[in-house]
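Single-structure report; data block below.
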Number of protein chains: 2
Amino acid sequence: MISEKIVERLSLYRWLLETRLENEVSNLFSYQLASMACVSPAQIRRDLMTIGYSGSPGKGYLVADLAKSIGKELDGAKPSKVAVVGMGNLGRALVSFISDRRSHLQIVATFDTDSTKYGRVICGCRCYAQNELEKIIKLEGITVAILTLPSDAAQAVADRLEKAGVTGILNYAPVPLKVSKKVYLENRDVTAALEKVAYFAREGD
Amino acid sequence: MISEKIVERLSLYRWLLETRLENEVSNLFSYQLASMACVSPAQIRRDLMTIGYSGSPGKGYLVADLAKSIGKELDGAKPSKVAVVGMGNLGRALVSFISDRRSHLQIVATFDTDSTKYGRVICGCRCYAQNELEKIIKLEGITVAILTLPSDAAQAVADRLEKAGVTGILNYAPVPLKVSKKVYLENRDVTAALEKVAYFAREGD
DNA sequence: CAGGCACTGTTATTTTTTTCACAACACCTA
DNA sequence: TAGGTGTTGTGAAAAAAATAACAGTGCCTG
Ligand SMILES: NC(=O)c1ccc[n+]([C@@H]2O[C@H](COP(=O)([O-])OP(=O)(O)OC[C@H]3O[C@@H](n4cnc5c(N)ncnc54)[C@H](O)[C@@H]3O)[C@@H](O)[C@H]2O)c1
Ligand SMILES: NC(=O)c1ccc[n+]([C@@H]2O[C@H](COP(=O)([O-])OP(=O)(O)OC[C@H]3O[C@@H](n4cnc5c(N)ncnc54)[C@H](O)[C@@H]3O)[C@@H](O)[C@H]2O)c1
């Protein structure tokens, strides 16, 4: 089990590696990756140690190979299936953004209460009515959900998702969700992020 | 100077306090706030110590008062002025979401290269053409910028923002920006967040 | 008013995370 | 082959963050 912080950084590293790969770069030194990721070279080496990856002194790391090794650690044996609940502005933006970025993260269903939305394919993904939620989650084996719906509906939906078998929730609604220990919850509150940036912009970091 | 993590939590606390205030709750114990914020009671007390706030044993914390004290620490003397660059799906969603949430964070300008967008008021905020960027930033005294534009334009815009005097950037474009030490940069990559959630959803946290 | 209760503020401790420092190693050059 | 250069992997040290522990305090009860 890798710590939260390291997972986050590994994800970043992989993504940096992939963009480097597109530019035909085949190997990198720790200090190069470090400067891209805005961390120290030692941090890079230590993180790679935790996934048991070895480069070679003088040669550094093989970009493609390292990216694959990170994938072996972060990605499951099978792709994770993802649902998006609430196909408003934010939901649609997310779906169109994510769908063609990572093959091991598949958005396989979206949900909405609005009858002008469900029953159709939106941004390349089928949108279902809210009352089909449990059925589809189980049928598809969805384990991860993204919440982009109004705050007042979020808790009830989270409860239903959990009962249906979802074990990870990425929540964009500005509301403090309560979930059981079984479920991994990550909140993405824009306001908090902006407040933080404003604070350090002012205080001069 | 407060550490990054503490600022993040304080922002969360304040927001929880405010929603409690709406429900007419006038005081709270550390363990109550802790359970809402998903942290330990000791953590709460320690965080409040760093901003020099004192509750009273038996009574706990005065909700309104504490919220104000956090504000005194996090918010500047004057509101921070914010610009949003790139008024696509995500930009519009963010502007409409934020604009009526925090009085000390004012979105005073948005920018776009699309001539069907600039020159108009979008989501309650004036949208300017890209070439007016420096002028407006300086004129308004904007210090914080949110980047919601295509990746390939992000670095160039970031450079211009920095030169114009912006000291904090909240970046949504999936690209590793390089900025000088003067600028506080926060990246919000959806993919990384989702990968993290998927990982811990699988590994069972 | 005395005593018990429940919570805070703060110090001490533990745990986690990051950085440092350096031996070991590959590779290049002559 | 020998020596120099530059990078890795990792144990040790340092720093930061979280947790625990507890004395001190207001408050209630009888
Ligand atoms: N807009 C942003 O940038 C932003 C940022 C952070 C958080 N948020 C939050 O994300 C949420 C969505 O934002 P938005 O701008 O997309 O709003 P929106 O109103 O455009 O979209 C909300 C969607 O959710 C649907 N919905 C309502 N109740 C539902 C339910 N019970 N189950 C399923 N779907 C339901 C609505 O039909 C609508 O399509 C809000 O809670 C908002 O506060 C938004
Ligand atoms: N959509 C998401 O949920 C999401 C999530 C994370 C990151 N992102 C990233 O955020 C960015 C925006 O996403 P979107 O869905 O809003 O895309 P979009 O195409 O709807 O919006 C992009 C906007 O930026 C404008 N633009 C282009 N070049 C510009 C420039 N040089 N200066 C100013 N404006 C410019 C375009 O005119 C357009 O209005 C993209 O980089 C995307 O990868 C999106």
Side-chain angles (χ1 to χ4, degrees), chain A residues 1-13 16-17 20 25-67 69-70 73 181 184-185 192 196 199-200 203 205, chain B residues 1-13 16-17 20 25-67 69-70 73 181 192 196 199-200 203 205:
Chain A
M1 173 56 53
I2 308 179
S3 91
E4 218 163 310
K5 289 209 167 167
I6 297 180
V7 168
E8 220 159 281
R9 283 197 301 264
L10 286 173
S11 170
L12 171 62
Y13 300 161
L16 292 169
L17 291 166
R20 266 298 165 288
V25 178
S26 73
N27 41 236
L28 281 178
F29 297 123
S30 63
Y31 68 84
Q32 296 177 303
L33 189 54
S35 115
M36 289 186 267
C38 301
V39 300
S40 72
Q43 181 87 82
I44 298 275
R45 296 203 296 273
R46 182 152 287 280
D47 285 343
L48 298 192
M49 209 175 95
T50 69
I51 64 166
Y53 185 85
S54 283
S56 52
K59 258 281 183 142
Y61 305 100
L62 303 174
V63 175
D65 190 45
L66 174 52
S69 288
I70 293 176
E73 206 63 39
K181 285 250 169 183
Y184 182 84
L185 171 66
K196 188 170 119 186
Y199 177 84
F200 287 108
E203 302 291 323
D205 169 87
Chain B
M1 174 58 53
I2 308 178
S3 90
E4 218 163 311
K5 289 215 166 162
I6 297 180
V7 168
E8 220 160 281
R9 283 196 301 265
L10 286 173
S11 170
L12 171 63
Y13 300 161
L16 292 168
L17 291 166
R20 265 299 165 286
V25 178
S26 73
N27 40 235
L28 281 179
F29 297 123
S30 63
Y31 68 85
Q32 296 176 302
L33 190 52
S35 116
M36 289 186 267
C38 301
V39 301
S40 71
Q43 181 85 83
I44 299 275
R45 297 204 296 273
R46 175 156 282 281
D47 286 343
L48 298 192
M49 208 175 95
T50 69
I51 64 166
Y53 184 86
S54 282
S56 52
K59 258 283 184 140
Y61 305 99
L62 302 174
V63 175
D65 191 46
L66 174 52
S69 289
I70 292 176
E73 206 64 38
K181 284 249 169 184
K196 188 170 120 185
Y199 176 84
F200 288 108
E203 303 290 323
D205 170 84

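Below, read A as the first sequence line, B as the second, and so on, with proteins coming before strands; counting in each chain starts at 1.
When the P atom of D/dT7 is taken as reference, atom CG of A/L48 falls 16 Å away, rounded to whole Å. In this structure, A/N27 atom CG and D/dG6 atom P are separated by 17 Å, rounded to whole Å. The distance between atom CE of A/M49 and atom C1' of C/dT19, rounded to the nearest whole Å, is 13 Å. Following rounding to the nearest Å, B/Y53 (OH) and C/dT10 (C1') show an atom-to-atom distance of 18 Å. Following rounding to the nearest Å, B/I44 (CD1) and D/dT19 (P) show an atom-to-atom distance of 11 Å. Atoms CZ (A/F29) and C1' (D/dG9) sit 15 Å apart, rounded to a whole Å. For the pair B/Y31 OH and C/dG9 P, the interatomic distance rounds to 15 Å; values are reported in whole Å.
Side-chain contact between B/K196 and B/Y199 is absent, with no heavy-atom pair separated by less than 4.5 Å. In this structure, B/L48 and B/Y61 have side chains that are in contact, with non-hydrogen atoms separated by less than 4.5 Å. Residues B/V39 and B/Y13 have side chains in contact (heavy-atom distance under 4.5 Å, counting atoms from C-beta outward). Residues B/Y53 and B/L62 form a side-chain contact, since some pair of their non-hydrogen atoms from C-beta on lies under 4.5 Å apart. Looking only at side-chain heavy atoms (C-beta outward), B/M36 and B/L28 come within less than 4.5 Å of each other. Side-chain contact between B/I44 and B/F29 is absent, with no heavy atoms from C-beta onward closer than 4.5 Å. With contacts defined as side-chain heavy-atom distances shorter than 4.5 Å, the pair B/Y31/B/R45 does not qualify. Put simply, the side chain of B/L17 does not reach to within 4.5 Å of the side chain of B/V25, judged on heavy atoms.
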Give me the distances for all protein-to-nucleotides 12-18 of chain C N/O pairs that come in under 3.5 Å?
{"from": "C/dA12", "atom 1": "N6", "to": "B/R46", "atom 2": "NH2", "distance (Å)": "3.3"}
{"from": "C/dT18", "atom 1": "OP1", "to": "A/R9", "atom 2": "NH1", "distance (Å)": "3.1"}
{"from": "C/dT18", "atom 1": "OP2", "to": "A/R9", "atom 2": "NH1", "distance (Å)": "3.1"}
{"from": "C/dT18", "atom 1": "OP2", "to": "A/R9", "atom 2": "NH2", "distance (Å)": "2.9"}
{"from": "C/dT18", "atom 1": "OP2", "to": "A/Q43", "atom 2": "NE2", "distance (Å)": "3.4"}
{"from": "C/dT18", "atom 1": "O5'", "to": "A/Q43", "atom 2": "OE1", "distance (Å)": "3.3"}

Distances under 3.5 Å between nitrogen or oxygen atoms of protein and nucleotides 26-30 of chain C:
none

Protein-nucleic acid N or O pairs under 3.5 Å, nucleotides 3-5 of chain C:
none

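A/S11 contributes no side-chain N or O that, together with a main-chain N or O of A/V7, makes up a donor-acceptor pair within less than 3.5 Å. Counting only distance, with no hydrogens or angles, the side chain of A/E73 and the backbone of A/I70 share no donor-acceptor pair below 3.5 Å.
Side chain of B/A42, nearest nucleotide from D/dT19, D/dT8, C/dG9: D/dT19.
The 5' end of DNA chain C is approached more closely, in terms of each residue's nearest nucleotide, by B/Y61 than by the other of A/R45 and B/Y61.
Put simply, OG on A/S3 and CD on A/E8 are 9.5 Å apart, with the number rounded to the nearest 0.5 Å.
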